[in-house]
Amino acid sequence: QVQVVESGGGLVQPGGSLRLSCTISGSTLDNYSIGWFRGNKYEGVSCISGLDGSIYDERAAKGRFITSKDNAKNTVYLQMTSLKPEDTNIYYCAVSTSTYCLRGPGTYDYWGQGTQVTVSS
């Protein structure tokens, strides 16, 4: 079975940075796309294709967050910079068995439990 585990959250001051990690077990990333979501409404942050590396950023990510992957480690990263208090949320990593990115949390098949990001002075 596919298992999704995200990590790297914590407390950071406004303007600071965090890097979230999402490790996937079960198969090579080539078979999936991986999305980042946040909050109780599962707002989309970004998605990356495990097959070709194509990245799609939502409004929350543009200009501040960088999504990347390491297929050898079966890991996807979300590098967050210039963090703002409104970025405070639980961040979720989710996996779709589609190799191209889809929008909407309902299109993803496997989910992690989330990692808390808190931006505060």
Report the distance from atom [atom1] of [X] to atom [atom2] of [Y], rounding to the nearest 0.5 Å.
| X | Y | atom1 | atom2 | value |
| --- | --- | --- | --- | --- |
| Gln79 | Ser21 | CD | OG | 9.5 Å |
| Lys73 | Leu29 | NZ | CG | 12.5 Å |
| Gln116 | Thr88 | CD | OG1 | 7.5 Å |
| Ser121 | Leu11 | OG | CG | 9.5 Å |
| Asn74 | Ile34 | CG | CD1 | 8.5 Å |
| Asp70 | Thr75 | CG | OG1 | 6.5 Å |

Problem set entry | Over 12 foreign heavy atoms within 6.0 Å of CG, Leu51 | yes

Problem set entry | Enclosure of Glu86 CD (heavy-atom neighbours >12, cutoff 6.0 Å) |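 Atom CD in Glu86 is crowded, with more than 12 foreign heavy atoms closer than 6.0 Å.
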
Exercise. Are Tyr110 and Val5 in one and the same hydrophobic cluster, where Ile, Leu, Val, Met, Phe, Trp and Tyr link if side-chain heavy atoms are under 4.5 Å apart?
Worked result: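 No, no single cluster joins them.
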
Problem set entry | Hydrophobic cluster identity match, Val45 and Ile66, side-chain contacts under 4.5 Å |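 The answer is no; the residues belong to distinct hydrophobic clusters.
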
For this session: Mind checking salt bridge (charged side-chain N to carboxylate O under 4.0 Å, His left out) for Asp57 and listing every partner two or more places apart, or none if nothing turns up?
Result: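 Listed in chain order: nothing, the list is empty.
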
Exercise. Excluding sequence neighbours, so at least two apart, what forms salt bridge (charged side-chain N to carboxylate O under 4.0 Å, His left out) with Arg19?
Worked result: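 Once residues adjacent in sequence are excluded, Arg19 has no partner under the salt bridge (charged side-chain N to carboxylate O under 4.0 Å, His left out) criterion.
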
Find out whether [X] and [Y] are in side-chain contact, i.e. whether some heavy atom of one side chain is under 4.5 Å from a heavy atom of the other.
| X | Y | result |
| --- | --- | --- |
| Ile24 | Val76 | no |
| Asp87 | Arg64 | yes |
| Val117 | Leu18 | yes |
| Val4 | Cys22 | yes |

Exercise. Pairs in or reaching into residues 3-15: which pass side chain to side chain donor-acceptor pair (under 3.5 Å), with residues at least two apart or in two chains?
Worked result: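 Non-adjacent pairs meeting side chain to side chain donor-acceptor pair (under 3.5 Å): zero.
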
Counting only pairs under 3.5 Å, give me each side-chain donor-acceptor contact of residues 99-107, with atom names and distances, residues two or more places apart or in other chains.
| from | atom 1 | to | atom 2 | distance (Å) |
| --- | --- | --- | --- | --- |
| Arg103 | NE | Glu58 | OE2 | 3.1 |
| Arg103 | NH2 | Glu58 | OE1 | 2.9 |
| Thr107 | OG1 | Gly104 | O | 2.6 |

Exercise. Does the Asn71 side chain pair with the main chain of Thr28, one donor and one acceptor, at a distance under 3.5 Å?
Worked result: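 No, Asn71 side chain to Thr28 backbone: no donor-acceptor pair under 3.5 Å.
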
Exercise. Checking side chain to side chain contact (heavy atoms under 4.5 Å, CB included) for the pair Val2/Asp109: CA distance, chi angles, key distance, verdict?
Worked result: CA-CA 9 Å; Val2 175; Asp109 302 287; over 6 Å; no

Exercise. Could you give all pairs that pass the ring-ring contact (aromatic ring centres under 6.0 Å, His included) test and reach residues 25-82, with sequence neighbours left out?
Worked result: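 As it turns out, the ring-ring contact (aromatic ring centres under 6.0 Å, His included) pairs with a partner in residues 25-82, which skip direct neighbours, are Phe37-Tyr108, Phe37-Trp111, Tyr42-Tyr92, Tyr42-Trp111.
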
For this session: Could you list the residues that satisfy side chain to side chain donor-acceptor pair (under 3.5 Å) with Thr23, not counting sequence neighbours?
Result: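 Partners of Thr23 by the side chain to side chain donor-acceptor pair (under 3.5 Å) criterion come out as none, since no residue qualifies.
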
